[in-house]
Amino acid sequence: MQFEFIIVNPQAEKYVALIQLNRPKELNALNLQLMGELRDALKELDNNDEVRAIIITGNEKAFAAGADIKQMADKTAIDMMNVDQFSTWDQIKKTKKPIIAAVSGFALGGGCELMMHCDMIVASESARIGQPEIKIGVMPGAGGTQRLTRAVGKALAMEIVLTGKFITADEALRAGLINKVVPNEMYLKEAFSLAKQVVDKSPVAIKLAKESVLAAFNTSLDEGLIFERKNFYLCFASEDQKEGMKAFLEKRAASFTGK
Ligand code: DAK
């Protein structure tokens, strides 16, 4: 998979794909081409049976410093509305395989929103996270007000969105926004280690479990419980369920095929 602004390795490790955002001079600002490439890569990786988890990363200085301000500065409201950006955000949302963000440096604006679209987040100590759109006369537009508020609660979300302040990785961890903070040289390694703990499980059960956790954001508790139950029953249609339980009873490691 050849792209200009992202580097994709479908087999960075066994069953684990890596997408690296690659506009380092612009701190990985998310221009439209990069977003289109990200959409196409995610779609392809989601359909690739050899991929069971996807890591999205940037570089040590920046995960992504937001949407490309140069590209947006002169746009009208109608231009913004007509740009096909949501196809990428929608693709991230509908990707069935787990996505892990490996974040170092700036994760701001659209970069923070991209990070929050991922299922788990590993950050380096130097990560600086925020929604600074307010400082340039706008506000979050790709889910920041909604996902951040659900993750960290109203008080901190208001502070981040209304002042544009950055929070540190430790603050993000304490607020429940991210999974782990590790020394700078470890964040990518830690993301692979987390991915490894996912990809040796049943891909069928992983997909159904991811879908069920995400359903919690859009349903009442009773609806969510019904959804979960149906996905639980569906696991029993898989060979992986038979293999998983048989392996447990035979006291051996299970070998899951995703069937
Ligand atoms: N866009 C374009 N270029 C950027 C950029 C960005 N967001 N962030 C940094 N750069 C560029 C800088 O212009 C500079 O380029 P040159 O001047 O060298 O050509 C280079 O990257 C290095 O940046 P700095 O010189 O500023 O580096 P510093 O270390 O001094 O500062 C910084 C780093 C991250 C604090 C600073 O660059 C900064 O404040 N950047 C802007 C952060 C920001 O405001 N982000 C939010 C952007 S608005 C939507 C989808 C998405 C969005 C909205 C709607 N829809 C689907 C509806 C998202 C909106 C946003 O993210």
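Atoms within a ligand are numbered from 1 in the order they appear, just like the ligands themselves. Side chains included, hydrogens not; waters and symmetry mates left out as well; all remaining heavy atoms used. If you read the sequence from its start, that first residue is 1, and numbering goes on from there.
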With heavy-atom distances below 4.5 Å as the criterion, would you say the side chains of L148 and Q131 are in contact? yes
Could K135 and F166 be counted as a cation-pi pair, given that NZ or CZ must be under 6.0 Å from the ring centre and within 45° of the axis? yes
Show, in sequence, the C-alpha distance, side-chain angles and deciding distance for D90 and S87, and conclude whether the side chain to side chain donor-acceptor pair (under 3.5 Å) test is met. CA-CA 5 Å; D90 291 346; S87 63; over 6 Å; no
Quiz: residues 5-14 side-chain donor-acceptor pairs under 3.5 angstrom, not counting sequence neighbours:
unit_1, atom_1, unit_2, atom_2, d
N9, OD1, Q11, N, 3.0
N9, OD1, A12, N, 3.4
Q11, OE1, Y15, N, 3.2
Q11, NE2, E50, O, 2.6

Does L32 offer a backbone N or O that forms a donor-acceptor pair with the side chain of Q71 under 3.5 Å? yes
For ligand 1, which of its N or O atoms have a protein N or O partner closer than 3.5 Å, and how long is each gap?
unit_1, atom_1, unit_2, atom_2, d
ligand 1, 1 (N), A67, O, 3.4
ligand 1, 1 (N), I69, N, 2.9
ligand 1, 7 (N), A65, O, 3.1
ligand 1, 7 (N), A67, O, 2.9
ligand 1, 21 (O), K25, O, 3.4
ligand 1, 45 (N), A65, O, 2.9
ligand 1, 61 (O), A67, N, 2.8
ligand 1, 61 (O), G110, N, 2.8

Using a distance-only test with no angle check, is there a side-chain donor-acceptor pair under 3.5 angstrom linking T168 and E171? yes
